[in-house]
Amino acid sequence: MAMTTNLLATSKALKFHFSFFSSFPSRPNHVLARRLPQSMASRVPTSCCYRETSLKAMTPFMTPEPEPSSVSDGVGILRFLKGKTYLITGATGFLAKVLIEKLLRASPEIGKIFLLIKSKDQESANKRLYDEIINSDLLNYLKQIHGGSFEEFMKSKLIPILGDIGEENLGMGSEIAAMISDEVDVVISCAGRTTFDDRYDFALNVNALGPGRLLSFAKNCKKLKLFLHFSTAYVTGKKDGTILETPLCIGENITSDLNIEHELKLASEAVRKLQGSGEIKKLKELGIQRAQHFGWENTYTFTKAMGETLIQTMRDDVPVVIIRPSIIESSYKEPFPGWLQGIRMTDPMILAYGKGQISGFWGDSQSFLDIIPVDMVVNATVAAMAKHGCGNPELKVYNVTSSSHAHPLRAGEFMDLAYQHLRDFPLTVIDLARWKFHSSLDGFTSSVFDIIAKQERGTKNEGGEAEESHTTLSFKGRRILDYFVSLARTYEPYTFFQARFDDTNTRSLIQEMSMEEIEMFEFDIRSIDWEHYVMNVHLPGLKREYLKERLD
């Protein structure tokens with residue numbers, strides 16, 4: 001399909017039908033967050049065997065901080081939220097759903113939240129809203145708060161809009177677009193294609209051009225206070241040392257050789273030439289090649305960088321905040337510990353390890369595993385929104401990360417905690433060995449090969465065949481091996497990651513908040529107890545999500 005097809009605008013007359021709420025049966029979905037016994041903590045080493053370097057010596061940019069403001073109003077978050085109306089893209093995604101829940105819970109007097117939902121028609125968009133957001137267990141706490149009036153409250157706040165970030169004018173009809181532009185105060189760009197090796201044309205259309213389309217729409221919003229964009233902390237490409245909170249600009253901190261229009265033409269021409277067999281694979285390879293040519297790890301971070309540069313170029317006097325989170329994982333506290341949607345960055349490795357499919361991974365035990373709980377990303381976002389939603393025409397970047405604080409999490413520490421949890425609460429009946437870090441891809445590949453071959457030999461022996469030395473794998477075994485090798489190659493930039501993210505803006509924001517705001521919108525990374533989070537929060541949450549996906 002030609003890339004230009006994705007860029008055609010659609011003009012469909014939309015009508016809101018809220019009767020769909022009553023047409024679906026109520027389906028309670030309770031999640032019990034099972035905690036590990038307190039005695040578990042005593043088995044966790046207070047000084048992990050992988051912590052070899054003084055962390056304070058590695059954080060020269062960190063300075064002592066004053067206590068937060070005691071002024072009751074602080075940044076004025078609740079005052080800002082009251083009555084504001086929002087347009088959010090990517091509304092059914094992990095991060096956006098947690099943001100929506102927080103906005104509704106923190107400020108019941110919030111205005112409308114228009115949710116841009118990609119679907120075939122308005123009816124199916126309504127159904128997606130109900131199935132994927134309103135009926136999500138994420139909103140269980142809100143259901144308890146509002147009781148019998150929950151659905152009525154949701155109907156008054158969440159407005160599904162049929163549209164697509166990949167189309168001009170966001171795929172909205174002119175009447176609906178005009179109605180929204182009259183009401184919206186804050187536009188939030190949360191949509192994106194997050195596959196690291198995505199096909200180049202699709203990633204360009206959504207990650208690079210999508211934010212520009214949304215910003216063009218925001219410029220027509222009569223009451224606009226702020227345009228907020230979610231990027232990634234890894235958007236600056238292959239960097240060493242400290243990564244600053246500065247906007248991306250071609251010709252300054254991005255090579256002037258990068259020409260986005262040229263990249264669009266290159267992808268469009270590739271689509272035209274590659275129609276047919278092998279098209280998807282070759283378009284994925286093209287994305288990786290272009291990313292690495294310009295100094296990025298993968299197609300995702302490369303195209304997200306393009307999206308940021310377009311925002312910087314197009315924004316004129318529009319107030320803009322860019323949030324750059326690192327690896328977003330399950331919630332730390334809100335609305336309850338361990339909420340997760342999907343099997344995310346580190347999770348496939350943990351599950352494979354727990355099931356005995358791998359015994360280690362290609363990486364460095366001393367690398368920084370820059371995990372950030374999703375609720376802390378959301379709380380930082382809301383605080384930044386309130387601070388900058390006053391119409392001041394500036395662009396501010398916030399790194400919401402964990403490697404910058406006094407006690408960052410090392411990959412070796414994380415896997416040590418995972419080993420102890422999975423040993424005491426196993427996924428399957430296996431004798432789990434301590435996680436091993438392989439210094440080479442060949443070493444990791446050989447290790448996985450041996451595990452698969454051993455499992456295949458065991459299967460044959462149970463069938464009565466004589467044991468034999470395996471030098472080849474079955475077709476299924478080879479596919480499993482290829483999957484893990486591909487995963488290792490994809491994650492290599494992160495399993496050897498040694499740079500650290502400056503979070504001066506993020507820490508300064510905390511200092512402007514009142515004690516009441518900090519309690520309600522906590523995102524100080526220094527408050528994270530990594531042992532508690534990994535063993536008692538994240539891994540139990542991951543298990544729940546894994547079991548739910550298997551049932552689905």
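A salt bridge is defined here as a Lys NZ or Arg NE, NH1 or NH2 lying under 4.0 Å from an Asp or Glu carboxylate O, and D416 with R434 meets this definition. Using a 4.0 Å cut-off between a side-chain N of Lys or Arg and a carboxylate O of Asp or Glu, E492 and R489 do not qualify as a salt bridge.
Every residue meeting the side-chain hydrogen bond (donor to acceptor under 3.5 Å, both in side chains) condition with H538, not counting sequence neighbours, appears here in chain and number order: S330, D347. Not a single salt bridge (charged side-chain N to carboxylate O under 4.0 Å, His left out) links E297 to another residue, sequence neighbours left out. With sequence neighbours left out, E519 forms a side-chain contact (heavy atoms from CB on, under 4.5 Å) with no residue at all. Judged as a side-chain hydrogen bond (donor to acceptor under 3.5 Å, both in side chains), and not counting sequence neighbours, T445 has no contacts. Under the rule for a ring-ring contact (aromatic ring centres under 6.0 Å, His included), F80 has no partner lying at least two apart in sequence or in another chain.
At least one donor-acceptor pair closer than 3.5 Å links the side chain of N207 to the backbone N or O of R193. Checking side-chain atoms of Y332 against main-chain N and O of D529 turns up a donor-acceptor pair under 3.5 Å. Under the 3.5 Å distance criterion, the side-chain polar atoms of T401 are left unmatched by any main-chain donor or acceptor of P325. N399 contributes a side-chain N or O that, together with a main-chain N or O of D502, makes up a donor-acceptor pair within less than 3.5 Å.
Below 30°, between 30° and 60°, or above 60°: for F437 and W435 the angle between ring planes is above 60°, a perpendicular geometry. Taking the six-membered ring for Trp and thresholds of 30 and 60 degrees, F496 and W362 have ring planes more than 60 degrees apart, a perpendicular arrangement. Aromatic ring pairs are classed by plane angle as parallel below 30°, tilted from 30° to 60° and perpendicular above 60°; the pair F497 and F501 is parallel.
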Problem set entry | Test ring pair (Phe, Tyr, Trp, His ring centres under 6.0 Å) applied to Y234 and F196, step by step | CA-CA 12 Å; Y234 302 96; F196 286 169; 8.5 Å; no
Exercise. Should S359 and S447 be marked as a side chain to side chain donor-acceptor pair (under 3.5 Å) after you check the CA-CA gap, both sets of side-chain angles, and the distance that decides it?
Worked result: CA-CA 8 Å; S359 59; S447 170; 3.3 Å; yes
Exercise. Is there a side-chain contact (heavy atoms from CB on, under 4.5 Å) between V377 and V98 once you walk through the steps?
Worked result: CA-CA 9 Å; V377 177; V98 179; over 6 Å; no
Problem set entry | Criterion side chain to side chain donor-acceptor pair (under 3.5 Å) on S508 and N505, from CA distance to verdict | CA-CA 5 Å; S508 296; N505 293 341; 5.5 Å; no
For this session: Using the side chain to side chain donor-acceptor pair (under 3.5 Å) rule, take D137 and W339 through it: C-alpha gap first, then chi angles, then the decisive distance, then the call.
Result: CA-CA 9 Å; D137 55 14; W339 190 79; 2.6 Å; yes
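Cation-pi check for R423 over Y419 is met; the charged atom lies under 6.0 angstrom from the ring centroid and within 45 degrees of its normal.
K387 has its side chain out of reach of L226: every pair of non-hydrogen atoms, C-beta onward, lies at least 4.5 Å apart.
For residues 331-344, the pairs satisfying salt bridge (Lys or Arg N to Asp or Glu O under 4.0 Å) are K102-E334, R105-E334, K333-E522, with sequence neighbours left out.
Checking S403 against D370 by side-chain atom types alone, a donor-acceptor pair falls below 3.5 Å. N298 and T301 are linked by a side-chain donor-acceptor pair at a separation below 3.5 angstrom, with hydrogens and angles left out of the test. Side-chain contact check for D442 and S440: no donor-acceptor pair (N or O, by modelled atom type) lies under 3.5 Å.
Atom CD1 of I145 is surrounded by more than 12 heavy atoms from other residues, nucleotides or ligands within 6.0 Å. Shown here is K281, whose NZ atom has no more than 12 heavy atoms of other residues, nucleotides or ligands within 6.0 Å.
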